[in-house]
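Right, one structure below, let's go through it.
A note on names: the letters A, B, ... follow the listed sequences, proteins ahead of strands, and every chain is numbered from 1.
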Amino acid sequence: MSNPFYVTTPIYYVNDVPHIGHAYTTVTADALARWHRLLGDDVFFLTGTDEHGLKIQRSAEANGMTPLEQADATSARFREVWQMLNISNDDFIRTTEPRHIASVQTFMQSIFDNGFIRKGTYSGQYCVPCEAYYNDDDLVEGNCPIHGRPVEWLEEDNWFFELSKFEQPLLDWYAANPDCVHPLGKRNEALGIIKQGLEDVSVSRTSISWGVPVPWDEGHVFYVWYDALINYATAIGYGTDTERFNRFWPAVHQLLGKDILRFHCVYWPAMCLAAGLEPPARLGVHGFLLVGGEKMSKTRLNQIFPADLVADFGVDGFRYHFLRDNSFGPDGDFSYESMVTRYNTDLANNFGNLLSRVATVVGKKCDGIGPAPAADSPLAEVAAESLRDASAAWEALAPSAALDATWRLIGAANAHLENNEPWKMEPGPALDAVMGDALEVLRIVCILATPAMPETCAHVWARLGLAGTPDEQRLPEAAAWGGYPGGLPVIKGDPLFPRMSPPK
RNA sequence: GUCGGCGUAGCUCAGACGGUUAGAGCACUCGGCUCAUAAUCGAGUGGUCGUCGGUUCGAGUCCGACCGCCGACACCA
């Protein structure tokens, strides 16, 4: 049976509407999922929305809705955006679904049964929008340091997860799994948090009702984080379908932003250990997309929404940019200008124009019928390198490097045309070989780039006269040199990526 | 304050384990080509790798100090 490959995004909190930060994570996960489908893996790709918690409860009240109505509306917006961006998730989980509520209760009950949950009292200065308690010295003139508004004194009986008992087990787990957190810098950050010492954390609330009830204590609901994290287990049948669960767990690849590193790289593995599960195999932590060097935020009014960019660059232009222009890990600065530059150079000039010039010459010199490539083409080796480098890069969670490797093949094909000047040649075997080579490169590029640009690659595939779609192909065989059979009608068509003029 | 990260060509960034003339893309300059979306190909200009000191036969690459920027610091999606 094929290899299981389970990849997740965080579930997005329905307090915020989808912006390019959410899209960045989701597109990356999608490309990874698509790459692994090319490899023939048994892929399961999960995203979803996080819908409990006080913020949702309050915001629903303010809007005169029930919390669920509020969640329904925003969750739908996420699904719409993912559909627009051609996201191929196999499931979309909502934390308000019965399957998840049951799963959370089972998961937490098992931590309880294993003796890692105790009763305690929590009290402190509480900020409602933050859903968080603050120490006195964190407050700014008695107000919440984030929102600058008054905090409330709250005291409640809570259930506590004995995180402190997992300090050493976590250190052991990190030591035994050197690759569990990517990139290395983020792994060190997580280790730093653990080494600074872990205290027990409160996992339940009595002050709110919008949450998953604590099964052993009616009147408590789980604090939103301890509900949310468990979604990754829910979706593959935790507690209900053991066979399926065991197939995909713990071989899960979880992508997340650095803001939630603590929860995913410390609390979540500890919860897994407490529940008797192996922690996730790999946590891929990325940085933020900055705008003008600043973090995107609602209050700064500098959020950028996917639809606005898709209108200008198209879905694949959007996807390509976010996969190619930022390496996965460090923060990256988003700018419209650099997006235009990248679009023009990589997509219009290199890729789109290659198809254009090839199709024209085939039309003029080969009667529009694409010839087969030469078996001994110098491009064969370049193609093999591209495949090898791209494979390694995807494996290392480096989409940018994978696309870079793919585009080196495009560059080599453009140079090959330049060197042979087929437009000067008379029809015949020599001309056929040059054009066949170029068509073969386009065919291979379609396969290698389809995780990033599925729609465009399928278009090009069809224009080359090939049957089916690139994402039905299987690596590595499909990328072996010589796959373009020749004798197929090649269609020029409109430019794939019309050049954009640089912004003023 | 404590902990962590970053500072490499005009711009965006790559550069395990220290090792011949420090790389890529974009921008720029020159040349070629004209099949192509004024696209493409080739060559080139451009960096005392934040500063100072140390270890070493040899250091962006290790150690120390300093300067600058950023993040985390316990429940801030």
Side-chain angles (χ1 to χ4, degrees), chain A residues 10-16 21-22 25 49-50 53 55 122 124 127 129-135 138 144-147 161 163 184-186 188-193 195-203 223-226 228 256-264 266-267 287-288 290 293 295 297 324-327 329-333 335 337-338 341-342 344-365 398 400-401 404 407-408 410-425 434-435 438 492 494-500:
Chain A
I11 48 174
Y12 303 108
Y13 202 50
V14 292
N15 192 41
D16 202 0
H22 301 110
T25 314
T49 44
D50 182 10
K55 258 187 275 191
Y122 202 96
C127 171
C130 292
E131 249 179 75
Y133 287 93
Y134 285 97
N135 298 323
D138 287 333
C144 162
I146 308 286
H147 295 86
F161 170 49
L163 182 64
L184 199 58
K186 301 294 194 251
N188 291 337
E189 214 168 296
L191 274 171
I193 291 170
K195 285 175 179 164
Q196 282 175 38
L198 300 174
E199 290 180 11
D200 296 347
V201 289
S202 151
V203 297
Y223 177 63
V224 63
W225 264 109
Y226 304 92
L256 54 131
K258 66 177 186 180
D259 51 332
I260 50 178
L261 179 149
R262 167 182 224 96
F263 294 98
H264 282 80
V266 181
Y267 294 13
F288 290 139
L290 306 177
K295 190 176 169 182
S297 74
R324 177 64 185 87
D325 233 39
N326 296 96
S327 52
D331 289 349
D333 210 349
S335 86
E337 291 73 18
S338 65
T341 300
R342 177 67 75 182
N344 280 339
T345 57
D346 287 9
L347 300 185
N349 298 352
N350 292 339
F351 185 25
N353 186 55
L354 175 63
L355 174 66
S356 247
R357 63 196 309 206
V358 168
T360 299
V361 175
V362 169
K364 285 183 181 171
K365 303 265 183 178
S400 177
D404 182 63
W407 256 251
R408 285 202 298 275
I410 292 175
N414 274 319
H416 188 61
L417 292 176
E418 237 24 78
N419 295 335
N420 291 282
E421 302 184 305
W423 44 89
K424 287 183 179 173
M425 299 167 72
V434 174
M435 298 321 294
K492 169 147 184 178
D494 294 330
L496 290 180
F497 302 99
R499 265 183 74 84
M500 294 179 67

Report summary line: Picking from B:rC35, B:rU37, B:rA74, the nucleotide nearest the side-chain atoms of A:Thr360 would be B:rC35

Requested in this report: Would you kindly give the CG-to-P distance between A:Asp325 and B:rA14, to the nearest whole Å?
Outcome: 12 Å

Query - Range-with-range stems for RNA chain B, at least three Watson-Crick or G-U pairs under 3.5 Å - result: B:1-7 with B:67-73, B:10-13 with B:23-26, B:28-32 with B:40-44, B:50-54 with B:62-66

Requested in this report: Indicate, with a heavy-atom threshold strictly under 4.0 Å, whether A:Glu199 touches base, sugar-phosphate, or nothing.
Outcome: base

Query raised in the report: Is a donor-acceptor contact shorter than 3.5 angstrom present between the side chain of A:Asn353 and the base of B:rA39?
Result: no

Requested in this report: Could you tell me whether A:Ile11 contacts a base, only the sugar-phosphate backbone, or nothing, with contacts defined as non-hydrogen atoms closer than 4.0 Å?
Outcome: base

Requested in this report: Classify the side chain of A:Asp50 versus the base of B:rA77 as yes if they form a donor-acceptor pair under 3.5 Å and no if they do not.
Outcome: yes

Query raised in the report: Has A:Lys424 got a side-chain N or O lying under 4.0 Å from the OP1 or OP2 atom of B:rU34?
Result: yes

Report summary line: Closest to the side chain of A:Asn349, out of B:rA72, B:rA77, B:rU40, is B:rU40

Report task. Would you mind reading off the distance between A:Asn414 atom CG and B:rC33 atom P, rounded to a whole angstrom? Result -> 18 Å

Anything under 3.5 Å between a protein N or O and an N or O of nucleotides 27-32 of chain B, put it in a table, one pair a line.
residue	atom	partner	partner atom	Å
B:rG32	N2	A:Glu418	OE2	2.9

Query - Parallel, tilted or perpendicular, as decided by the 30° and 60° cut-offs, for the rings of A:Phe263 and A:Tyr267 - result: perpendicular

Report, one line per pair, each donor and acceptor closer than 3.5 Å where one atom sits in a side chain of residues 350-357 of chain A; sequence neighbours left out.
residue	atom	partner	partner atom	Å
A:Asn350	ND2	A:Thr345	O	3.2
A:Arg357	NH1	A:Asn414	OD1	2.8
A:Arg357	NH2	A:Glu418	OE1	2.9

Requested in this report: Please work out if A:Lys186 contacts a base, only the sugar-phosphate, or nothing of the nucleic acid, heavy-atom cut-off 4.0 Å.
Outcome: nothing

Query raised in the report: Which label fits B:rG46, syn or anti, where anti is any glycosidic angle not within 90° of 0?
Result: anti

**Report entry** Rounded C1' spacing from B:rG10 to B:rA27 in Å
**Finding:** 8 Å

